[in-house]
Visitor: 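Please read through the structure below; I'll follow up with questions.
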Amino acid sequence: MRHPKIISKILEKLFVKRMNNFIGKFNLLHEDQYGFRAGRSTSMAIMHLVDHISSSIEKKKFTVGVFVDLQKAFDTLNHTMLLSRLQKYGFRGIAYSWLESYLINRCQYVYFNNEKSDMCPVTCGVPQGSLLGPILFILYINDLCKVSDLLNCVLYADDTTLYLSGDNLEKLLSDITKELSIIKQWFDSNKLSLNQNKTKYIIFGYRKRENISELKIEDVVLERVNEIKFLGVILNHTLSWKPHITYILSKLSKSLAILHKVKYFLNTATLYILYCSFMIPYLTYCLEIWGHSYKSNTKPIFILQKKAIRIVNHSSYNQSTKQIFPKLRAIKFYDLVYLITGIFMFKVKKQCVPAKILSLFEIKVDNYDFRGKDMFKKKVVRTNALRNSVFVQGVNMWNLLSDELKNAKSILHFKKMYKVKMFQKYLLD
């Protein structure tokens, strides 16, 4: 007989699946929410924001982005308000009763040094680490996107970013200050705690900014910064990606030091596993967004990667890596950029991305070009911010791909074919 906890997990998984189907069928979640949703990721949330900023820079406008910090967001959800929202969204009958019993009458205690505290009722919050907790949270915070008629937003669970663009910076800051007051009232009325001291803002753009007014939330002056980490990627006010690349280099250097220390005790196969575990995640995370920066910025990353490959192969520090990459079946940094960008563009072609991301690409229409149906229209760009983005570089790359790759049956098939062509090229070099 199965353990009760295992049965409970199975039932929770089945219920979550049904719940996701219900939410998807009736489009309950706002389009700007990217967290814990099928077919969405942190990279797409970042793309959403980066496109707006780069397009505004292209038009010589300012964009002010406010990066909101919520204190213990998952732990402060009010159960009564959450159940009321679930009813509003159409949860009735047995489904509602299950969710009510899941939230109500929970207790907690502290166990320390073989001693237990008294049982205390849990009156707010959703269980973290559960399957249902994140879904309940994004349903709770879903109305945030409708609070302001002026501000745009990007949500990834409790990571909230509000932004607005315009020509007049003073008016922009004044408008945002008024709207932030409304947002703060919404947080207060919904029992969510806004941490004003950790909430920061950036003024994006190339234009000079002098004698700038302060941005406040209820007399609390927000800190203005020139760069900030958003969903694991560092954005700066010009979208140059230099701060993020510097951050990646520091992480790769530490990983390289570990590989160097253990290379005398481990064989090549084990070292390659460590390389894939320690370095590849940093190299590939949101690479389609920042990887198209100038080669003068990204070249140090490739140099560190080659050093790592030499260590994995137990080669000397000055040995050529041309033969080592195909031998280990390792992909060079710049080819990783194109591979991950190609996978993203394949998803765009198959319309497997959110509607807002899909709307940024336009299929080329040409009655005399029979390949036009598989090509995207190129954008005319003026600034580096947009030129180095996936919305321009991705289109350029996709249009140059062979029909065989464009017509791949699936993402897995596309990836396999692309890698085969890549390693064939390595052997010919």
Side-chain angles (χ1 to χ4, degrees), residues 41-47 50-51 54 231-236 239-253 255-256 275-276 278-309 321-322 324-326 328-349 353 357 360-361 376 378-379 381 384-402 405-406 408 411-412 414-426 429:
S41 62
T42 52
S43 64
M44 290 181 185
I46 298 168
M47 280 181 201
V50 166
D51 170 70
S54 57
L231 298 177
V233 173
I234 300 175
L235 306 176
N236 72 334
L239 292 185
S240 69
W241 305 116
K242 286 183 181 179
H244 183 71
I245 291 169
T246 302
Y247 166 75
I248 294 296
L249 285 170
S250 69
K251 293 294 184 181
L252 293 179
S253 297
S255 301
L256 190 67
Y275 161 78
C276 292
F278 292 157
M279 300 190 76
I280 291 298
Y282 291 115
L283 286 173
T284 57
Y285 181 69
C286 294
L287 184 57
E288 67 272 35
I289 298 172
W290 59 268
H292 296 285
S293 183
Y294 288 115
K295 284 197 174 182
S296 56
N297 295 335
T298 57
K299 188 177 179 181
I301 292 179
F302 187 38
I303 291 171
L304 285 184
Q305 186 194 27
K306 289 195 289 186
K307 286 182 179 179
I309 288 297
T321 57
K322 284 186 177 180
I324 302 175
F325 276 100
L328 297 176
R329 305 295 288 178
I331 302 173
K332 296 177 183 179
F333 171 73
Y334 293 112
D335 291 321
L336 273 174
V337 175
Y338 288 119
L339 173 60
I340 293 174
T341 303
I343 292 169
F344 168 71
M345 293 303 298
F346 186 83
K347 289 179 182 177
V348 172
K349 183 203 169 189
V353 296
I357 302 296
L360 303 176
F361 297 91
F376 293 97
K378 291 184 178 181
K379 291 184 179 181
V381 295
N384 294 333
L386 191 56
R387 184 179 296 110
N388 294 334
S389 71
V390 68
F391 313 106
V392 172
Q393 296 297 330
V395 167
N396 294 341
M397 178 215 156
W398 179 264
N399 289 347
L400 293 174
L401 289 179
S402 65
L405 282 168
K406 290 178 182 177
I411 291 174
L412 184 62
F414 174 88
K415 193 186 297 186
K416 284 183 177 179
M417 285 199 299
Y418 196 95
K419 284 183 177 180
V420 167
K421 290 180 180 293
M422 201 182 299
F423 289 123
Q424 286 175 349
K425 180 186 173 184
Y426 288 175
D429 286 345

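Here the structure is a predicted model, which is why all the values come from computation and not from measurement.
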Visitor: For Lys421 and Ser402, work out which heavy atoms get closest and say how close.
Guide: CE-OG, 4.1 Å
Visitor: May I ask you to test the Thr42-Val233 pair for a side-chain heavy-atom distance under 4.5 Å?
Guide: no
Visitor: Do you know which two heavy atoms are closest between Gly342 and Met397, and how far apart they sit?
Guide: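 Taking every non-hydrogen atom into account, CA-CE, 3.5 Å.
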Visitor: If I take atom OG from residue Ser253 and atom OH from residue Tyr282, how far apart are they, to the nearest 0.5 angstrom?
Guide: 11.5 Å
Visitor: On a heavy-atom basis, which atom in Ile343 and which in Phe414 lie closest, and how many Å separate them?
Guide: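 Heavy atoms of Ile343 and Phe414 come nearest at N-CE2, 3.7 Å.
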Visitor: Has Lys295 got its NZ or CZ under 6.0 Å from the middle of the six-membered ring of Phe302, at an angle within 45 degrees of the ring axis?
Guide: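 Output no; distance or angle outside limits.
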Visitor: Could you report the tightest heavy-atom contact between Thr298 and Gly291, atom names first, then the distance?
Guide: CG2-O, 4.3 Å
Visitor: Measure the spacing between CG of Leu252 and CD1 of Ile280 and express it to the nearest 0.5 Å.
Guide: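 Taking CG in Leu252 and CD1 in Ile280, the distance rounds to 9.0 Å.
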Visitor: With the side chain counted from C-beta on, respond yes when Met345 and Glu288 share a heavy-atom pair under 4.5 Å apart, and no when they do not.
Guide: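 In short, these two side chains do not touch, never coming nearer than 4.5 Å.
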Visitor: Verify the neighbour count for atom NZ of Lys379: are there more than 12 heavy atoms of other residues, nucleotides or ligands below 6.0 Å?
Guide: yes
Visitor: Answer yes or no: is there a side-chain heavy-atom contact under 4.5 Å between Val420 and Gln424?
Guide: yes
Visitor: Whether the side chain of Lys349 engages the backbone of Lys406 through a donor-acceptor N/O pair (distance < 3.5 Å, no angle test) should be reported.
Guide: yes
Visitor: Main chain of Phe333, side chain of Gln305: is a donor-acceptor contact present, judged purely on distance under 3.5 Å?
Guide: yes
Visitor: Given Phe346 and Leu401, is the side chain to side chain contact (heavy atoms under 4.5 Å, CB included) satisfied, shown in steps?
Guide: CA-CA 11 Å; Phe346 186 83; Leu401 289 179; over 6 Å; no
Visitor: Got a second to check how far Leu405's CG is from Leu400's CG, nearest 0.5 Å?
Guide: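 So the gap between those two atoms works out to 12.0 Å.
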Visitor: Enter the distance from Tyr285:OH to Ser43:OG here, rounded to the nearest 0.5 Å.
Guide: 7.5 Å
Visitor: Is it true that, when you exclude Lys332 itself, more than 12 heavy atoms of the residues, nucleotides or ligands shown sit nearer than 6.0 Å to its NZ?
Guide: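 Count over threshold, so yes.
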Visitor: Could you tell me which residues satisfy ring-ring contact (aromatic ring centres under 6.0 Å, His included) with Tyr426, sequence neighbours excluded, listed by chain and number?
Guide: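 Per chain and number, Tyr426 pairs via ring-ring contact (aromatic ring centres under 6.0 Å, His included) with Phe423.
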Visitor: Set out, in order, the CA-CA distance, both residues' side-chain angles and the distance that settles side chain to side chain contact (heavy atoms under 4.5 Å, CB included) for Asp51 and Ser389, then state yes or no.
Guide: CA-CA 8 Å; Asp51 170 70; Ser389 71; over 6 Å; no
Visitor: Can Val348 and Phe376 be said to form a side chain to side chain contact (heavy atoms under 4.5 Å, CB included), step by step?
Guide: CA-CA 10 Å; Val348 172; Phe376 293 97; 3.9 Å; yes
Visitor: Do you know the tightest heavy-atom contact between Val395 and Phe361?
Guide: CG2-CD2, 3.8 Å
Visitor: Using the side-chain contact (heavy atoms from CB on, under 4.5 Å) criterion, which residues pair with Leu249? Sequence neighbours excluded.
Guide: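 Only Ile245, Pro300, Ile301, Leu304 meet the side-chain contact (heavy atoms from CB on, under 4.5 Å) criterion with Leu249.
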Visitor: Got a donor-acceptor contact below 3.5 angstrom from the Gln393 side chain to the Arg387 backbone?
Guide: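 Yes, because the side chain of Gln393 sits within donor-acceptor range (under 3.5 Å) of the backbone of Arg387.
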Visitor: Yes or no on side-chain hydrogen bond (donor to acceptor under 3.5 Å, both in side chains) for Ser293 and His244, after CA distance, side-chain angles and deciding distance?
Guide: CA-CA 11 Å; Ser293 183; His244 183 71; over 6 Å; no
Visitor: Donor-acceptor check, side chain of Trp241 to backbone of Tyr294, threshold 3.5 angstrom: yes or no?
Guide: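 Such a contact is absent between Trp241 side chain and Tyr294 backbone.
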Visitor: Do Lys242 and Trp290 pass the side chain to side chain contact (heavy atoms under 4.5 Å, CB included) test, and can you show the C-alpha distance, the side-chain angles, and the key distance before you say yes or no?
Guide: CA-CA 9 Å; Lys242 286 183 181 179; Trp290 59 268; over 6 Å; no
Visitor: Closest approach of Ser54 and Leu386, non-hydrogen atoms and distance?
Guide: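 Taking Ser54 first and Leu386 second, the nearest heavy atoms are OG-CD1, 3.5 Å.
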Visitor: Got a second to check how far Leu287's CG is from Leu339's CG, nearest 0.5 Å?
Guide: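 Answer for the CG-CG pair, Leu287 versus Leu339, is 9.5 Å.
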Visitor: In Å, rounded to the nearest 0.5 Å, how long is the span from CD1 of Ile331 to OH of Tyr418?
Guide: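 It comes to 9.5 Å.
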Visitor: Check whether any side-chain heavy atom of Pro243 sits under 4.5 Å from a side-chain heavy atom of Thr246, and report yes or no.
Guide: no
Visitor: State whether the side chain of Thr341 and the backbone N or O of Tyr338 hold a donor-acceptor pair below 3.5 Å, judged by distance alone.
Guide: no
